[in-house]
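Okay, so here's the structure we're looking at.
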Amino acid sequence: MSNNQIQLFDTKSRKLQIVESSDGKSLRIYSCGPTVYRDAHVGNMRTFLLGDLITRLAKHSGYQVKFIQNITDVGHMSEDFVEDKILAQAKAEAKDPYEVAKFYESRFHQDLKSLNINAADLYPKASGCIPLMHDLIKKLIDTDHAYVGSDNCVYFSAQSYQGYGAISGNRLDALKPGHNFEYTEGGAKKFHADWALWKAAAGRTQMIWDSPWGPGFPGWHIECSAMSLHYLDEFVDIHLGGIDLRFPHHENERAQSNSSINNEAVALWVHGEHLLFEGRKMAKSTGNVVLVSDLISKHLDPLSLRLCFLENRYRSQMDLSWDSLKAAHLLIQRWRDKTATWAKDKSLDKKQAQGFIDEISADFSADLDTPRALQKLRSIEKAQTLSDGVKYEIFKCVDDLFGLDLLKPSLGKGELTSDAQSLFDQRQIARNKGDFTESDRLRGLLLKVGVVVRDSKDGQSWEWLI
Ligand code: AMP
Ligand code: ZN
């Protein structure tokens, strides 16, 4: 346990703020989760890692943590303003929308595991929380923060909430009609910046529910207000999400939640910056998407992605590349080999080790300065003045913050698939016979399945092409 105060950058006050538990019991954290209509890409994973880093740090610093992350399986409209993302995907795959959502939800959990992202305490699903949303919408109507439009949708009245715009800087008087990319019948809303809390089913037949305002489905923003207020007992100490959610999602959520409890519902709004891949925005629409499963199929340790994220401060945009992933893969394996060697030295100056452990937790506590913490690990690795026993102790103790499995055996080269092994064996036979044409042909075949063969005076050896 460390005694550092944790500081995080709060988007709303635009300042570093000290993290505090408002009820003195636990730290209540809410993170916007995935919309489960496709595999999460590594950009999404960067944002999801943020919740894990903060919960690990908070626990390391002695806090009890309650961490909730929602699963959006209904109500997130696509950018063409008309279609629900899950329904559109269900149509494309000719499947039931719930089946699609369930499939991608389970893939999301697998990806989290691959990256050592600890599970949240609960992953409530939007489709399972409709009554919570109804209760909240009723309350907002009763207090004149919401109204039923002429199209039977329920809208939040943006002007009813005085503090609108504090997170993003988008004040209502500066917003132009059309900023709110939501399809509505002309004239159904009273004010252009109002948004739908409940959408009337109109022609939609799937993923709709009865409600006091007729059959329909929830808007995306109300889901996060309903779940965070309910599961975290009406106050959130830290609210997380990617930077793109600052507006309108979080601005609208804040207006809804604050209007409901007549108070500020969130202490700190923390946003992670976006990830680029080889210089370009990561987005499905541009085809620039890398998945955790792509790393695995290239024989890269998925934790190399985690290490790349840690090399960059969460609030800076970062550019990922295959080269940086390869370098991170090699560094993790090197550290694991070293910890295995250092573990043999049983001499330990506990006080000396603790000094370094405290410095590293202080870096994490300083608004997650993970690049600085990693620099320390690098210099500890090389330090001639530290014994192996001390190095082992430090790496062992800080791994609950880094989450890189530094004490695991290194992956080494792993094993060849049986097909590749057979090609490799045939090549040995060809070489023994001096048949170098055949040996070159087999080398080419092995390369096609991702195996690089090298020859030396000790014979042939192989490694994965990464
Ligand atoms: P979605 O599943 O699209 O709702 O996104 C899930 C989370 O990933 C949200 O918090 C987004 O802000 C975040 N996100 C989306 N694209 C990126 C990106 N390229 N880099 C980092 N985070 C992202
Ligand atoms: Zn949300």
Side-chain angles (χ1 to χ4, degrees), residues 11 29-54 68-79 84-86 88-89 100-101 104-105 107-109 111-112 115 117 120 123-126 129 133 136 167-168 195 218-232 236 238-257 265-266 269-292 305 308-309 312-320:
T11 312
I29 307 179
Y30 183 88
S31 173
C32 291
T35 307
V36 282
Y37 69 106
R38 52 142 171 79
D39 282 319
H41 54 60
V42 294
N44 302 130
M45 300 317 287
R46 184 182 190 206
T47 294
F48 300 146
L49 177 67
L50 196 50
D52 180 56
L53 291 176
I54 294 173
I68 305 293
Q69 184 165 34
N70 69 307
I71 303 284
T72 301
D73 59 355
V74 64
H76 196 168
M77 307 305 271
S78 59
E79 281 70 30
D84 189 303
K85 288 183 176 184
I86 312 273
Q89 186 63 24
V100 168
Y104 289 109
E105 186 190 351
R107 306 261 288 195
F108 159 71
H109 289 299
D111 286 345
L112 294 186
L115 294 188
I117 294 179
Y123 292 97
K125 281 190 237 195
C129 294
M133 295 188 232
L136 180 53
I167 302 176
S168 61
W195 62 90
W220 175 36
H221 317 303
I222 194 69
E223 159 190 347
C224 287
S225 284
M227 294 186 192
S228 61
L229 291 175
H230 177 76
Y231 290 107
L232 293 176
V236 181
I238 308 173
H239 194 306
L240 304 169
I243 194 74
D244 56 311
L245 300 189
R246 209 171 22 168
F247 180 82
H249 184 55
H250 289 164
E251 205 64 80
N252 292 3
E253 181 186 330
R254 176 170 174 264
Q256 296 160 170
S257 301
V266 172
W269 290 92
V270 176
H271 291 102
E273 251 297 348
H274 268 188
L275 175 86
L276 308 180
F277 194 81
E278 302 196 325
R280 288 195 297 139
K281 189 181 161 185
M282 177 149 297
K284 201 179 174 194
S285 54
T286 57
N288 194 29
V289 165
V290 175
L291 309 179
V292 174
L305 177 63
C308 287
F309 290 157
N312 293 269
R313 196 77 173 272
Y314 76 95
R315 301 204 259 130
S316 322
Q317 216 176 57
M318 75 170 268
D319 192 10
L320 186 70

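We count ligands from 1, going down the list as the structure has it; atoms in each ligand are counted the same way.
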Problem - Validation row: Asn44, His41 side chains within 4.5 angstrom (heavy atoms) - result: yes
Practice task
Classify the ring geometry between Phe48 and Phe108 as parallel (under 30°), tilted (30 to 60°) or perpendicular (over 60°).
Solution key: perpendicular
Practice task
Determine the interplanar angle of the Trp269 and His250 rings, folded into 0 to 90°, and report it as parallel if under 30°, tilted if 30 to 60°, perpendicular if over 60°.
Solution key: tilted
Practice task
State whether the shortest distance between N or O atoms of Thr35 and N or O atoms of ligand 1 falls below 3.5 angstrom.
Solution key: yes
Problem - Heteroatom distance test (Leu275, ligand 1): nitrogen or oxygen, under 3.5 angstrom - result: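 Yes - when backbone and side-chain N and O of Leu275 are compared with those of ligand 1, one distance drops under 3.5 Å.
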Can you pull out the closest protein heavy atom to [atom]? Residue, atom name and distance to 0.1 Å, please.
atom	answer
atom 22 (N) of ligand 1	Thr47 OG1, 2.7 Å
atom 18 (C) of ligand 1	His274 CD2, 3.4 Å
atom 3 (O) of ligand 1	Arg38 NH2, 3.3 Å
atom 21 (C) of ligand 1	Gly43 O, 2.9 Å
atom 10 (O) of ligand 1	Gly242 N, 3.0 Å
atom 9 (C) of ligand 1	Leu245 CD1, 3.8 Å
atom 12 (O) of ligand 1	Asp244 OD1, 2.4 Å

Handout entry: Enumerated ligand 1 atoms positioned under 4.0 Å from heavy atoms of Asn44
Key = 5 (O), 6 (C), 7 (C), 8 (O), 13 (C), 14 (N), 15 (C), 16 (N)
Handout entry: ligand 1 atoms in contact with Pro34 (distance to a heavy atom under 4.0 Å)
Key =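 Atoms satisfying the 4.0 Å criterion: 2 (O).
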Practice task
Would you please determine whether Gln317 falls within less than 4.0 Å of ligand 1 on a heavy-atom basis?
Solution key: no
Practice task
Run the contact test for Lys281 against ligand 1 with a 4.0 Å cut-off on heavy atoms, strictly below, and give the result.
Solution key: no
Handout entry: Residue pair Glu251 / Trp195, side-chain donor-acceptor N/O under 3.5 Å
Key = no
Problem - side-chain contact (heavy atoms from CB on, under 4.5 Å) assessment of Asn312 paired with Arg46 - result: CA-CA 10 Å; Asn312 293 269; Arg46 184 182 190 206; 4.0 Å; yes
Handout entry: N/O/S atom of His221 inside 2.8 Å of the Zn ion (ligand 2), strictly under
Key =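 Within the cut-off used here (under 2.8 Å), His221 places no N, O or S atom near the Zn ion (ligand 2).
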Practice task
Examine all N, O or S atoms of His250, backbone included, and report whether one is under 2.8 Å from the Zn ion (ligand 2).
Solution key: no
Completion exercise
One should read off an interatomic distance between Gln317 CD and Lys281 NZ, to the nearest 0.5 angstrom, of 10.0 Å
Problem - Heavy-atom closest pair, residues Gly33 and Asn70 - result: N-OD1, 2.7 Å
Completion exercise
Here the N/O/S atom of His249 closest to the Zn ion (ligand 2) would be NE2
Handout entry: Basic-acidic side-chain contact under 4.0 Å: Asp39, Arg107
Key = yes
Exercise for the section: Assess whether side-chain contact (heavy atoms from CB on, under 4.5 Å) is satisfied between His239 and Cys32, documenting all intermediate values. Expected result: CA-CA 8 Å; His239 194 306; Cys32 291; 3.7 Å; yes
Problem - Tyr123/His109 aromatic ring centres below 6.0 Å - result: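 Close enough - the centres of the two rings lie under 6.0 Å apart.
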